[in-house]
Structure formats: C-alpha cells, structure tokens
Number of protein chains: 2
Amino acid sequence: MKSSENRSGCPISSSLDIFGDRWSLLIVRDLMLYKTRTYGDFTKSEEKIATNILANRLQILEDKGIISKLPYPDNKVKGLYKLSPKGIELIPALIEIALWGDKNLSKPDVRSPYLKEVKKNKSKFLKNVMEKLSADDEVNVD
Amino acid sequence: MKSSENRSGCPISSSLDIFGDRWSLLIVRDLMLYKTRTYGDFTKSEEKIATNILANRLQILEDKGIISKLPYPDNKVKGLYKLSPKGIELIPALIEIALWGDKNLSKPDVRSPYLKEVKKNKSKFLKNVMEKLSADDEVNVD
DNA sequence: ATTTTTTACTTGCTTATTGAAAGTAATATT
DNA sequence: AATATTACTTTCAATAAGCAAGTAAAAAAT
C-alpha cells in the first residue's frame, strides 16, 4: 500500500503524494484516450502493468475520487472504470506532460493521433476531450 | 538507481520513466520558485528529502538534461543547480499539477504567493517565470 | 596555523514497494 | 457439465526508499 500522508501543504507535493509514481497517470491516460475501460483493458496496455499494482492503483485513484468504478451492463464480473470530474481535471496536466515528452524525448508515439490534434490546437483539443468525458454519464460499451 | 529504460513509445509513459516519482518534480519546483539552489538548499525544503535520494535525483535530472550544475562563485565546495531549457519547459506541466492540487486537495499552500499569481493570470505568470529563468545565464547569488 | 564548521555527498542498514508468476473465486460461455 | 473469462489476491525475490551515520574537501573562525 502507498502511504497517503502529505509531506507538506504544497499542492504539487500533495498531488505527487497521490499520483507521483510511474503508473497512476498511465491509468488516467488510458481513461482519457479510451473513455472507459475494464480491468482487463488496462492490463493490455503497452506498458504491461502488473496486476497487483493495477489493482492497488485503481483502488487508490478511486479512494481519492479521481476515478469511479461502475457496473458493466449485463455482466456481474466486469467493472467499468471512468474518470470522475476530479480525474477529468487532470487532463491539462497530462497534456502538458505529453507535449513535454513529445518535444524533449524524441520517442515517436505510434499510439494514437491525439498528439497531432493537441499540437494543432491545444485548447480546442482540451475542450473537446473534457466535454466528451464529462458528458458521458451513461455507460456505453462498444 | 532508477532504471532508465522506456516502457513504451508513449510520451507520457517516457516522461514518467524519468520523473514519475515523488521527488523529481519537487526539485524542479524548487528551481522554478527559487531560480537556483545549492544541494543544501534542497535539503532544507519542507518535504525533507533524504540526501541519498537527492543526490540520485539530481544526477538523473542532470543526465537527462533537465537541470545543470554550475560552479558556485568564489566557492569550490558548493555547486549551483539551475533548470536547463528542457527543465524550464516542464513548468507548464508543473503549473497544471499545482492548479489541480490547489483546487482538488484542499491543503492551503503557505509556501509562496506564486499560486495567487497563477490563478489570476496563468499565461502571464508562465511567460514571466519562463522568461526570467531563461534569461538567467550568468550566475547570481543573493 | 590549527581547529571547527560548512558543504556535498556516500555508505550501511532496515523497511517498504515493485514486479513476475501463479493462484483463486465468481460468473459467463460453449 | 466443462471450459474459459474476468477481476482480482497471494507469494516471493529484487529493487528502491528512508534513516542515520560517516567522509572528504574546502571555508571560516580562533
């Protein structure tokens, strides 16, 4: 378990107390890009998170109000994770991190076309994504 | 030592491979707020980083080109750390994290007035700070 | 000139966290 | 009824964090 005590009153430090690790923001990323995901979906991501860590991080993010777990329609085993409003508000930070990495790390991302959109018009992309995620109050499974 | 291999080509993931921990961005924060700092200054920060971790993170951040270490004027023991251009470009992400924490974590920051400025006019603050840090090519010690 | 202090680390050790693999229990599918 | 999914949990070795103490060079004080 990750300890949840704050090292200081600094909002950066307190934020890092929650998601300052190598995995938490990747979960948020997946929920941003794919809207909703099941536990199994997360394990299929490129970075191959171990299942114990995934379970731990999902729990912490849920406890902190960043994601919420919904029942999967017509299935009692599956769950559906989505970003809560708090989690949606993390997207600006995530985008800045993505832009920094894209510019400074020279690892071409083959993941998805989202970066191209971001670079073309950041505030438009941000608005679109955040609206889309916020509007999604009923569950859709494709 | 932290391993420096990339888990994937995703720029978010690759960024977190570098600074996805509880300490690295606090070092960047201190350099953003105080412009330059010595090793000892970092140990005096509120969060009380252990010296072995501090030395390790400074080394990693220097290796990755995010900070640079300069000689302290008229002193052969001290060093002076400052943000490199790559590090300065991390400030937008840092600001978004600060804003998120400030809004969602309800821990009042008593650190400094920078958050008030950010909230009043984000892009102005950003421009000011980044310019101030970029302009500082000769070393000033107060 | 010698002692003391400051500064920037390094080392050793204990505890906590990570990561890989396997296991489990409930439901779903065939 | 048998097999397969799904979402975890458990185990355990490896790595990293965190604390305290130690060190070496230079600076400041006496």
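This structure is a prediction, so every number in the text was calculated from the model and none was measured. Within every chain, numbering begins at 1; the chains are lettered A, B, ... in the order of the sequence lines, protein sequences first and strands thereafter.
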(message) How many whole angstroms separate atom NZ of A:Lys48 from atom P of C:dA21?
(response) 12 Å
(request) Quick one: pull up CD1 in A:Ile67 and NZ in A:Lys86 and give me the separation to the nearest 0.5 Å. (result) 12.5 Å
(message) Please confirm whether the shortest side-chain N or O distance from B:Trp23 to OP1 or OP2 of D:dA16 is below 4.0 Å.
(response) no
(message) Just by distance, no angles: are the side chains of A:Asp17 and A:Ser14 close enough, under 3.5 Å, to form a donor-acceptor pair?
(response) no
(message) Please report the interatomic distance CD(B:Glu89) to CD(A:Glu96), rounded to the nearest 0.5 Å.
(response) 10.5 Å
(message) Please classify the nucleic acid contact of A:Tyr81 as base, sugar-phosphate, or nothing, using heavy-atom distances under 4.0 Å.
(response) sugar-phosphate
(message) Please pick, from C:dG19, D:dT6, C:dC9, the nucleotide with the shortest atom-to-atom distance to any side-chain atom of A:Lys78.
(response) D:dT6
Check nucleotides 28-30 of chain C against the protein and report each pair of N or O atoms closer than 3.5 Å, with its distance, or say if there are none.
from	atom 1	to	atom 2	distance (Å)
C:dA28	OP1	A:Lys76	N	2.7

(message) Is there a side-chain contact between A:Lys44 and the phosphate of D:dT5, meaning an N or O under 4.0 Å from OP1 or OP2?
(response) no
(request) Kindly say if A:Tyr72 contacts the phosphate of D:dT5, meaning a side-chain N or O under 4.0 Å from OP1 or OP2. (result) no
(request) Specify the separation, in whole Å, of atom CD1 of B:Ile53 and atom P of C:dT10. (result) 14 Å
(request) Would you mind reading off the distance between A:Phe42 atom CZ and D:dA7 atom C1', rounded to a whole angstrom? (result) 13 Å
(message) Using the side-chain contact (heavy atoms from CB on, under 4.5 Å) definition, which of the options A:Thr36, A:Leu31, A:Ile91 pairs with A:Leu133?
(response) A:Ile91
(request) Find the distance between CG (B:Leu61) and CG (B:Leu90) and round it off to the nearest 0.5 Å. (result) 9.0 Å
(request) Report the distance from atom CG of A:Asp41 to atom C1' of D:dC8, rounded to the nearest whole Å. (result) 15 Å
(message) Nearest whole Å is fine: how far is D:dA7 C1' from A:Gln59 CD?
(response) 13 Å
(request) Could you check whether the rings of A:Tyr114 and A:Phe125 sit parallel, tilted or perpendicular, using 30° and 60° as the cut-offs? (result) tilted
Mind listing the N/O atom pairs, protein and nucleotides 10-14 of chain D, below 3.5 Å?
none

(message) Can you measure B:Ile49 atom CD1 to D:dC19 atom P for me and round it to whole angstrom units?
(response) 11 Å
(message) What's B:Thr43 touching, base or sugar-phosphate or nothing? Going by heavy atoms closer than 4.0 Å.
(response) nothing
(request) Please state how far atom CG in A:Asp21 lies from atom P in D:dA16, giving the value in whole angstrom units. (result) 15 Å
(request) Round to the nearest Å and state the distance from B:Ile67 atom CD1 to C:dA8 atom P. (result) 13 Å
(request) Would you tell me if any nitrogen or oxygen in the side chain of A:Arg22 comes within less than 4.0 Å of OP1 or OP2 on D:dT15? (result) no
(message) Can you see if the side chain of A:Lys69 gets near the phosphate of D:dC8 - specifically, an N or O under 4.0 Å from OP1 or OP2?
(response) yes
(request) Would you give the length of the straight line joining atom CG of A:Asn128 to atom CD of A:Glu131, rounded to the nearest 0.5 angstrom? (result) 6.5 Å
(request) Flag yes if B:Tyr39 and B:Val77 sit in one hydrophobic cluster, no otherwise; membership is Ile, Leu, Val, Met, Phe, Trp, Tyr, and two members link when side-chain heavy atoms are under 4.5 Å apart. (result) no
(message) If I take atom CG from residue A:Leu26 and atom CD from residue A:Glu47, how far apart are they, to the nearest 0.5 angstrom?
(response) 5.0 Å
(message) I'd like to check A:Ile18 versus A:Ile66 (side-chain heavy atoms, cut-off strictly below 4.5 Å). Are they in contact?
(response) yes
